[in-house]
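Every chain is numbered from 1, with letters handed out A, B, ... down the list of sequences. The analysis underlying the following values was restricted to heavy atoms, covering all of them including side chains, and did not include hydrogens, waters or symmetry mates.
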Amino acid sequence: MKIALDEIPGLLEQVRETADSKFGDFTATLAMPLAKKLGVKPRDLASKLILRINQHQLFEKKFEPISAPIGPGFINVRVRDQALAEGLRIACLDSQLGVPKVTQPQTIVLDYSSPNVAKPMHVGHIRSTVIGDAISRILRFRGHIVITDNHLGDWGTQFGMILWGWKRCRDETAYQETPTQELGRLYRLVRKVVDSDPKELSQDPIAAGLAEKYPNARREVLAETAKLHEGDSENRRLWEQFMPVCREEIERIYGRLDVTFDHTMGESFYQPLLAGVVKDLTSSGMARESRGAVGVFLDGYESPLLVQKADGAFLYATTDLATLAWRAEHWKPDRILYIVDHRQSQHFQQVFATARAWGCRSDEQLSETDLVHVAFGTVLGEDGKPFKTRVGDAVGLEALLDEGVERAGRVVGEGEQARQGMNDAKRQEVAEAVGIGAIKYADLSQNRTTDYVFSFDKMLELKGNTAAYMQYAVARVEGIVNRGGVDRKLLHQEISKDSSILKFSDPLERRLALAVLKLGAVLEDVEIDYRPNVMTSWLYELASCFSSFYDALSVLKAEGSQRTTRLVLCDLTGRTLRQGMELLGIRVPNQM
RNA sequence: GCGCCCGUAGCUCAGUUGGAUAGAGCAGCGGACUUCUAAUCCGCAGGUCACAGGUUCGAAUCCUGUCGGGCGUACCA
């Protein structure tokens, strides 16, 4: 029997967890396809493999001997209790909970959140922000060099709309009081005027009046944008006046979400580079003029990637290319991840293809970089259509957070003796962690690629598979530690030399041990295709194992090695759940 | 027209290079607090994995077709 070296990874991937514990802990399905290839009977091959595996020293140390193939040729293995105990010991004594750093750290740039600063943030912005934040935390924890960059939309047509509106229908008093709201009002108003959708206008007499008064509003808005881009002093001055106001607004929301960025370099930052990008693309023959505009024509696409409009203005493709080049030059990343709505996938395909071709010609940097569009589904309104920033249409992000904290606060207040000793400040802190955690978790636990209809009740649910479930499990661990006066340092000392004191006396303990030791493997899986819901599924599984364990077995009343084993399981599970939640950007209070 | 994505329990969804009896949560029904926090636990019920073929030891998963839905498709981002 001969197996080529490059076949081995593929075969190893055919080892997986069993669906049912009666089949052991892990199963290998490789005998069936391999037997077919070799023209032998699967069960015979499996038997031969088992014979050899059983003799292997490393295997013998960690696993119980395999008896015989099951069914068509499954090879089922069971971890030795002592090996499991040793795993617990190592993870428990490690500040990284037994998760090794990657052997070859990469420099990874993450581009996420990227709101339009002129528009109020609404619930549609939550996905990019929360998913990007979670992925960046996870990649860092694994040992990569992560650079996060919030690519603000601070230079586009939306500013032309605000400038146009500011000059014609601003409410000075309202601006003095709440500048962001006034700018938001102007944006929404002008957008309606520009779109001049009869249905919309019939519902908004002010917009309708403006539309009638300024029939050329669309052209004028574009002209305001163009003037800003050309450096017109008045528009430039207004832009500089509005920017800090807009920034302050979004920073406050990031603060509440616990989201931070290493850099915040908006579109405006790349503005001086745009003309050069177009020139470069044109002179290298990649872009050409067409119908007055300039675009890159790629094989396999119906429409070109436009980099300059007929009126001379640049487009977001231009900015994206300039940004890419800048990042490649200054950060030399191995990977750049764009956490952006799936509706832009074609745009990114074209941008990436252009960038690769372009980078190959100018210098080699771009071709070395792995460009990934981490797409996610759209957040839809109750009508099943994407949210739009209209009056009364989208739920504001801030309002969602407030509501989440308020609902959580109601539950925090209603408990019995468990909440003893919690003062009002503590309660507020717990309500924040639980309420905002619920919102983040609701989004992260959803498969990244599917759209979902936004629902207050669903996002703010606190029962079942929600953030509160994990937070609650940790609070129970802390309850045990407190009530029992457990000194974690002493506990760690007790097992620091060897793990033989750890013994499993109940299947629930063993199941919990297996679950808690999966953190490293799970993080690896999350990185493979950037799916935080892999993480939430496992966290729920872990917390669920713990809850069953907690309910059925007493920790503090146990004695001797049984007590030590259970305490170690509690300590490690609590710390692992906390770490896991924090990697998702969710806070975990000690008490709730 | 072309391209991409989707269709799984009453509802919301997991299920990812094909693995054993398709899983959770919510809603429903029945049980469990004098005990380390009941935001919990245990149990019951609930399915033609849109449909029809095909590939094979094995298909929700891969291929083909049909039906249904979403998104994108030249100067918004």
Side-chain angles (χ1 to χ4, degrees), chain A residues 10 13-14 16 18-20 23 27 29 32-33 35-36 42 70-74 76 114 116 153 156-158 194 222 267 290-295 300-311 313-317 319-320 340-347 349 375 377-378 380 384-386 408 411-412 414-420 434 445-447 449-453 455 457-458 461-466 468-469 471-473 475-484 525 528-529 531 533-534 536-537 540-541 544 547-548 550-558 566 570 591-592:
Chain A
E13 282 184 28
Q14 294 186 49
R16 60 200 69 202
T18 50
D20 191 320
F23 297 127
T27 186
T29 60
M32 285 85 88
K36 178 171 180 154
I70 309 293
F74 292 106
N76 299 336
S114 310
N116 269 312
T157 314
Q158 78 276 14
V194 166
L222 292 178
E267 294 173 321
S290 168
R291 300 183 211 168
V294 180
Y301 294 95
E302 267 185 273
S303 47
L305 183 72
L306 291 187
V307 291
Q308 187 165 25
K309 300 200 284 185
D311 67 4
F314 303 112
L315 293 110
Y316 78 130
T319 316
D320 280 350
V340 182
D341 191 302
H342 73 284
R343 285 174 294 177
Q344 293 194 36
S345 59
Q346 188 177 307
H347 165 74
Q349 278 175 26
T378 311
L380 309 171
K385 295 198 168 141
V411 182
V412 176
E414 92 188 359
E416 348 74 58
Q417 85 278 27
R419 281 86 185 181
Q420 278 171 8
V434 172
S445 59
Q446 182 104 6
N447 182 320
T449 56
T450 44
D451 293 350
Y452 69 83
V453 175
S455 149
D457 290 337
K458 198 189 158 195
E461 183 65 61
L462 298 174
K463 292 191 290 183
N465 186 2
T466 66
Y469 186 82
Q471 290 167 325
Y472 187 62
R476 282 172 142 184
V477 168
E478 296 304 330
I480 289 176
V481 170
N482 273 330
R483 190 64 70 96
D525 283 349
I528 289 172
D529 39 16
R531 293 191 316 157
N533 75 310
V534 170
T536 59
S537 299
Y540 184 69
E541 181 200 326
S544 178
S547 295
S548 301
Y550 180 93
D551 199 72
L553 309 171
S554 179
V555 177
L556 295 176
K557 282 184 188 159
R566 290 180 183 174
C570 287
Q591 198 187 358
M592 64 188 277

Participant: Quick one, A:L305 and A:H347 - any side-chain contact, counting heavy atoms below 4.5 Å?
Facilitator: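 Yes, their side chains come closer than 4.5 Å.
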Participant: Using atom C1' in both nucleotides, what's the gap between B:A45 and B:G28 to the nearest angstrom?
Facilitator: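 It works out to 8 Å between them.
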Participant: Roughly how far, to the nearest 0.5 Å, is the NE2 atom of A:H342 from the CD atom of A:Q344?
Facilitator: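 Between atom CD of A:Q344 and atom NE2 of A:H342 there are 10.5 Å.
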Participant: For the side chain of A:A468, starting at C-beta, report the closest nucleotide among B:C36, B:A39, B:A77.
Facilitator: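 Nearest listed nucleotide: B:A39.
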Participant: What is the nucleic acid contact for A:Q471, judged by heavy atoms within less than 4.0 Å: base, sugar-phosphate only, or nothing?
Facilitator: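 Here A:Q471 touches no strand at all.
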Participant: Please determine, for the side chain of A:P72, which listed nucleotide (B:A38, B:C57, B:U35) has the closest atom?
Facilitator: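 Selected nucleotide (nearest to the side chain): B:C57.
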Participant: Base, sugar-phosphate or nothing for A:R291? Non-hydrogen atoms, less than 4.0 Å.
Facilitator: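 If one applies the 4.0 Å heavy-atom cut-off, A:R291 turns out to touch a base.
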Participant: Please pick, from B:A39, B:A74, B:C36, the nucleotide with the shortest atom-to-atom distance to any side-chain atom of A:S303.
Facilitator: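 Closest nucleotide to the A:S303 side chain: B:A74.
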Participant: Return the nearest nucleotide to the side chain of A:M32; candidates are B:G15, B:C41, B:C57.
Facilitator: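 Nearest to the side-chain atoms of A:M32, counting from C-beta on, is B:C57.
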Participant: Could you check how far CZ of A:R343 sits from P of B:C6, rounded to whole Å?
Facilitator: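 One finds 17 Å between P of B:C6 and CZ of A:R343, rounded.
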Participant: Counting the atoms with a prime plus P, OP1 and OP2 as sugar-phosphate, which does A:N76 contact under 4.0 Å by heavy atoms, base, sugar-phosphate, or nothing?
Facilitator: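 Base contact - A:N76 has a heavy atom under 4.0 Å of at least one base atom.
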Participant: Whole angstrom is fine here: how far is it from CG in A:N447 over to C1' in B:C5?
Facilitator: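 Going from CG in A:N447 over to C1' in B:C5 covers 11 Å.
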Participant: Taking B:G23 as the reference, what is the distance to B:A38 when you measure between their P atoms (whole Å, please)?
Facilitator: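 Comparing P positions in B:A38 and B:G23 gives a spacing of 30 Å.
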Participant: What does A:N465 touch in the nucleic acid at a heavy-atom separation under 4.0 angstrom: a base, only the sugar-phosphate, or nothing?
Facilitator: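 The residue A:N465 makes sugar-phosphate contact but no base contact.
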Participant: Mind checking if A:R16 touches a base, just sugar-phosphate, or nothing, with heavy atoms under 4.0 Å?
Facilitator: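 Sugar-phosphate, no base atom in range.
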Participant: When you measure from the side chain of A:D529 to the backbone N and O of A:R531, does any donor-acceptor pair fall under 3.5 Å?
Facilitator: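 A pair under 3.5 Å: no.
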Participant: So does A:R483 reach the base of B:U37 with its side chain, donor to acceptor, closer than 3.5 Å?
Facilitator: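 Not at all, since no donor on one side and acceptor on the other fall under 3.5 Å apart.
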Participant: A:F74 has an atom CZ; how far is it from atom P of B:A20, in whole Å?
Facilitator: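 To the nearest whole Å, that distance equals 7 Å.
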Participant: For the residue pair A:A475 and A:M592, what are the closest heavy atoms and their distance?
Facilitator: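 For A:A475 and A:M592, the tightest heavy-atom pair comes out as CB-CG, 3.8 Å.
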Participant: Searching all strands shown, indicate the nucleotide that pairs with B:C26 (Watson-Crick or G-U wobble; both distances under 3.5 Å).
Facilitator: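 By the stated definition (distances under 3.5 Å), B:G10 pairs with B:C26.
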Participant: Rounding to an integer number of angstrom, what distance separates B:G47 and B:U34 when you compare their C1' atoms?
Facilitator: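 One C1' to the other, the span is 44 Å.
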Participant: Quick one: CG on A:L553 to SG on A:C570, what's the gap to the nearest 0.5 Å?
Facilitator: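 Rounded to the nearest 0.5 Å, the CG-SG separation comes to 9.5 Å.
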Participant: Which value, in whole Å, describes the distance between the P atoms of nucleotides B:C4 and B:A59?
Facilitator: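 Each nucleotide's P atom is 27 Å from the other's.
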Participant: Measuring only the C1' atom in each nucleotide, how far is B:U73 from B:C26? A whole number of Å is fine.
Facilitator: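 That atom pair is separated by 39 Å.
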Participant: Once you apply a heavy-atom cut-off of 4.0 Å, does A:T450 come out as touching a base, just sugar-phosphate, or nothing?
Facilitator: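 A:T450: backbone/sugar contact only, no base atoms under 4.0 Å.
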Participant: Considering every strand and a 4.0 Å limit on heavy-atom distances, what is the contact class for A:Q349: base, sugar-phosphate, or nothing?
Facilitator: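 It contacts nothing in the nucleic acid.
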Participant: Where the side chain of A:K463 is defined as all heavy atoms beyond and including C-beta, which of B:U40, B:G72, B:A20 is the nearest nucleotide?
Facilitator: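 Closest nucleotide to the A:K463 side chain: B:U40.
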Participant: Please measure how far the P atom in B:C62 lies from the corresponding atom in B:G18, and state the result in whole Å.
Facilitator: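 8 Å, rounded to whole Å.
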Participant: For A:Q346 and B:G3, what is the distance between atoms CD and P respectively, to the nearest whole Å?
Facilitator: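 After rounding, the gap between these two atoms is 12 Å.
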Participant: Without decimals, in angstroms, what is the distance between A:Q14 CD and B:U16 P?
Facilitator: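 Distance check: A:Q14 CD to B:U16 P gives 15 Å.
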Participant: Under a 4.5 Å cut-off applied to non-hydrogen side-chain atoms, are A:F23 and A:F74 in contact?
Facilitator: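 With C-beta onward as the side chain, the pair stays apart.
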Participant: Out of B:C13, B:C36, B:A74, which nucleotide sits closest to the side chain of A:I480?
Facilitator: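 Within the option list, the nearest is B:C36.
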Participant: For A:A317 versus A:L306, what's the shortest heavy-atom pair and its separation?
Facilitator: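 Shortest heavy-atom separation between A:A317 and A:L306 comes out as CB-O, 3.5 Å.
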Participant: When all nucleic acid strands are considered with a 4.0 Å heavy-atom cut-off, which category describes A:L315: base, sugar-phosphate, or nothing?
Facilitator: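 It contacts sugar-phosphate atoms only.
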Participant: Counting side-chain heavy atoms from C-beta on, which of B:A38, B:A39, B:G70 comes nearest to A:D451?
Facilitator: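 Comparing B:A38, B:A39, B:G70 against the side chain of A:D451, the answer is B:G70.
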Participant: Output yes when a side-chain donor or acceptor of A:D451 lies under 3.5 Å from a complementary backbone atom of A:T378, and no otherwise.
Facilitator: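 Yes, A:D451 side chain to A:T378 backbone: donor-acceptor pair under 3.5 Å.
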Participant: Assuming nearest nucleotide by heavy-atom distance, tell me which of A:T27 and A:S537 is located more 5' along RNA chain B.
Facilitator: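 In this pair, the answer is A:S537.
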Participant: Nearest whole angstrom, please: distance from the C1' of B:U12 to the OH of A:Y452.
Facilitator: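 Distance check: A:Y452 OH to B:U12 C1' gives 12 Å.
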Participant: Can you tell me whether the side chain of A:D457 and the base of B:U12 have a donor-acceptor pair closer than 3.5 Å?
Facilitator: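 No, no donor-acceptor pair under 3.5 Å.
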Participant: Whole Å only: how far is the OH atom of A:Y472 from the C1' atom of B:C41?
Facilitator: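 Value for this atom pair: 10 Å.
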Participant: Could you check whether A:Y540 gets within reach of a base, just the sugar-phosphate, or nothing at all, counting any heavy atom under 4.0 Å?
Facilitator: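 Sugar-phosphate only.
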Participant: Could you give the CD-to-C1' distance, from A:Q344 to B:U73, as a whole number of Å?
Facilitator: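 Interatomic distance, CD of A:Q344 to C1' of B:U73: 14 Å.
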Participant: Heavy atoms from C-beta onward define the side chain here; which of B:C41, B:U16, B:A39 lies closest to that of A:S547?
Facilitator: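 For the A:S547 side chain, the nearest candidate turns out to be B:C41.
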Participant: Under 4.0 Å between any heavy atoms, over every strand shown, what does A:Y301 touch: base, sugar-phosphate, or nothing? Just pick one.
Facilitator: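 Here A:Y301 touches no strand at all.
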Participant: Starting at the 5' end of RNA chain B, which residue's closest nucleotide do you reach first, A:N116 or A:E461?
Facilitator: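 Per heavy-atom nearest nucleotide, the more 5' residue is A:E461.
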Participant: Taking only the side-chain nitrogens and oxygens of A:S548, find out if one of them lies under 4.0 Å from OP1 or OP2 of B:C42.
Facilitator: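 For B:C42, OP1 or OP2 has a side-chain N or O of A:S548 closer than 4.0 Å.
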Participant: Does the aromatic ring of A:F23 sit over the six-membered base ring of B:A20, closer than 5.5 Å centre to centre and tilted less than 30°?
Facilitator: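 Yes; centroid distance and tilt both under limits.
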Participant: In whole Å, what separates the C1' atom of B:G46 from that of B:C11?
Facilitator: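 Going atom to atom, C1' in each nucleotide, I get 12 Å.
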Participant: Would you indicate which nucleotide in B:G1, B:C42, B:U40 comes nearest to any side-chain atom of A:E302?
Facilitator: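 Comparing B:G1, B:C42, B:U40 against the side chain of A:E302, the answer is B:G1.
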Participant: Between A:Y469 and A:S547, what is the shortest heavy-atom contact and its length?
Facilitator: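 Closest approach of A:Y469 to A:S547, heavy atoms only: OH-OG, 3.3 Å.
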Participant: Under 4.0 Å, heavy atoms only, any strand: does A:S290 hit a base, just the sugar-phosphate, or nothing?
Facilitator: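 Answer is base: heavy atoms of A:S290 come under 4.0 Å of a base.
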Participant: For a quick check of understanding: with a heavy-atom distance under 4.0 Å over all strands, which category does A:T29 fall into, base, sugar-phosphate or nothing?
Facilitator: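 Base: the residue A:T29, judged by heavy atoms under 4.0 Å, touches a nucleobase.
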Participant: Distance check, P atoms only: B:C44 and B:A24, in whole angstrom units.
Facilitator: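 My reading of the P atoms in B:C44 and B:A24 gives 11 Å.
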Participant: Considering every strand shown, what is the Watson-Crick or G-U wobble mate of B:A50 when both distances are under 3.5 Å?
Facilitator: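 Looking at the geometry, B:A50 pairs with B:U66.
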Participant: Does A:N533 reach a base, just sugar-phosphate, or nothing at all? Heavy atoms under 4.0 Å.
Facilitator: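 Sugar-phosphate only.
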Participant: Determine the contact category for A:S554: base if any of its heavy atoms lies under 4.0 Å from a base atom, sugar-phosphate if only primed atoms, P, OP1 or OP2 are that close, otherwise nothing.
Facilitator: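 Base contact.
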